[in-house]
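Start at 1 and go down the list; that is how both ligands and their atoms are numbered.
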Amino acid sequence: MTTSSSVSLPLIVVIGGGTGMGRDIAHDQVTLGRDVLIVGRRAESLKEVARSSSAPQRVFTVVADASTADGAAAISDAVGHRRVQGIVAAAGGQGGFKQPGQAPEDLDDAWSTALRVNLFTAVLPVETLLPKMLDNEGRVVLIGSTAGIEGAGGPYATAKAALAGYGRELARRVGERGITSNTIAPGFVDNTEFFESGGFGDSSTMTDAAAARTLIGRVGRPRDVTASVRWLLSKDGGWITGQVIAVDGGTVMVQ
Ligand SMILES: NC(=O)c1ccc[n+]([C@@H]2O[C@H](COP(=O)([O-])OP(=O)(O)OC[C@H]3O[C@@H](n4cnc5c(N)ncnc54)[C@H](OP(=O)(O)O)[C@@H]3O)[C@@H](O)[C@H]2O)c1
């Protein structure tokens, strides 16, 4: 961890907290007076989140690849003896968004990447941190995608559907401890790094098309997702568990 605090508050752990939605969620939790541990593979983006936060001393960082056993162990080491109040699994990406070629090695590569980036980055840290989670107040929020609901987007969509399935399985297992587990499924959210790689083409055309699919007439901003995560992490969110909640301007309707 890069900084230290004298008060040992329970932590909110944000996996993928260096950019996009995770960054905004981390900043928001700090404004609520929480200590936040942010995880990512790039030290510089994590440092920037700490620097630009309203209370940098509340932001702790760990550089780790959350999709690996070593990364999960590093996250647990960074938590140390502190308790964990909430985990937000926001790491992910479009690895595997496109249909891979039919060659077995292409399939293996695309599917392994999609599952590692979008499923393992949640499962490995969450399972490793479960013993450190607070009973009764513990909260797990997974950032899925409407792609996982609609089945749109190659292996990425399947990985996000699997993530939502994991969220429900986890909810059943940890309910007796008073811990909740939910999945937020965002639609198209601007101001993230999500669309920067992967050959999506002209982003303004994509943004216009995504906005047209909403009922509200605009794409999302990280803040739209943060507001929902804040609610699920709060004490008042304690009777919501095992759910998949679309935050997407009405693009898909779940039930
Ligand atoms: N933007 C959208 O329209 C949209 C829509 C639906 C769902 N989502 C989902 O929302 C979540 C947040 O994405 P975003 O849109 O905010 O994009 P983003 O800015 O690219 O954020 C993703 C973050 O995950 C981190 N990350 C990726 N792989 C990691 C790993 N193996 N270990 C640790 N950290 C890792 C990245 O940092 P490093 O590269 O430094 O590790 C990055 O900070 C993702 O799960 C994404 O699939 C996005």
Between ligand 1 and [X], is the shortest N or O to N or O distance under 3.5 Å?
{"X": "Thr19", "answer": "yes"}
{"X": "Ala91", "answer": "yes"}
{"X": "Thr121", "answer": "no"}
{"X": "Val39", "answer": "no"}
{"X": "Phe188", "answer": "no"}
{"X": "Pro186", "answer": "no"}
{"X": "Asp65", "answer": "yes"}
{"X": "Arg42", "answer": "yes"}

Can you tell me the protein heavy atom closest to [atom] and the distance?
{"atom": "atom 45 (O) of ligand 1", "result": "Lys160 NZ, 2.8 Å"}
{"atom": "atom 39 (O) of ligand 1", "result": "Arg41 NH2, 3.0 Å"}
{"atom": "atom 5 (C) of ligand 1", "result": "Gly187 O, 3.1 Å"}
{"atom": "atom 33 (C) of ligand 1", "result": "Ala64 O, 3.4 Å"}
{"atom": "atom 14 (P) of ligand 1", "result": "Thr192 CB, 3.7 Å"}
{"atom": "atom 25 (C) of ligand 1", "result": "Gly16 CA, 3.7 Å"}
{"atom": "atom 22 (C) of ligand 1", "result": "Gly92 O, 3.7 Å"}
{"atom": "atom 47 (O) of ligand 1", "result": "Tyr156 OH, 2.8 Å"}

Which atoms of ligand 1 sit under 4.0 Å from any heavy atom of Met21?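 Once the distances to Met21 are compared, the set is 1 (N), 2 (C), 4 (C), 8 (N), 10 (O), 15 (O), 16 (O), 48 (C).
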Exam field: side chain Arg177 to backbone Met133, donor-acceptor pair closer than 3.5 Å
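Such a contact is found between Arg177 side chain and Met133 backbone.
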Check [Y] with [X], please: is the shortest side-chain N to carboxylate O separation under 4.0 Å?
{"X": "Arg51", "Y": "Glu44", "result": "yes"}
{"X": "Asp190", "Y": "Arg218", "result": "no"}
{"X": "Glu193", "Y": "Arg42", "result": "yes"}

Checklist line | Working for side chain to side chain donor-acceptor pair (under 3.5 Å), residues His27 and Ser52 | finding: CA-CA 8 Å; His27 278 167; Ser52 56; 3.2 Å; yes
| field | side chain to side chain donor-acceptor pair (under 3.5 Å) between Asp236 and Ser234, intermediate numbers included | value | CA-CA 5 Å; Asp236 291 342; Ser234 73; 5.0 Å; no
Next on the checklist: Quick check: closest heavy atoms across Leu170 and Leu130, and the distance to 0.1 Å?
Outcome noted: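 Answer, listing the atom of Leu170 first, then Leu130: CD1-CD1, 4.0 Å.
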- Task: Only heavy atoms count here, so choose which of Ala66, Ala246, Ala90 is nearest to atom 12 (C) of ligand 1.
- Result: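 Minimum heavy-atom distance to atom 12 (C) of ligand 1 goes to Ala90.
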Of the listed options (Val63, Val189, Asp190), which comes nearest to atom 3 (O) of ligand 1 when hydrogens are ignored and any heavy atom counts?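 It is Val189 whose heavy atom sits nearest to atom 3 (O) of ligand 1.
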Mark yes or no: Arg82 above the aromatic ring of Phe60, with NZ or CZ under 6.0 Å from the six-membered ring centre and no more than 45 degrees from the axis.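 Ring-cation test returns yes.
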Could you tell me if any non-hydrogen atom of Phe195 lies under 4.0 Å from any atom of ligand 1?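 So Phe195 counts as touching ligand 1.
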Practice task
Go through Asp35 and Ile12 one step at a time and tell me if the side-chain contact (heavy atoms from CB on, under 4.5 Å) criterion holds.
Solution key: CA-CA 6 Å; Asp35 280 6; Ile12 302 290; over 6 Å; no
Over 12 non-hydrogen atoms of neighbours within 6.0 angstrom of CZ in Arg223: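 Check passes, neighbour count above 12.
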| message | Walk me through whether Lys47 and Thr61 qualify under side chain to side chain donor-acceptor pair (under 3.5 Å). | response | CA-CA 7 Å; Lys47 281 188 205 150; Thr61 65; over 6 Å; no
*Which of parallel (below 30°), tilted (30 to 60°) and perpendicular (above 60°) describes Phe195 and Phe188?*
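Parallel, since the angle between the ring planes stays under 30°.
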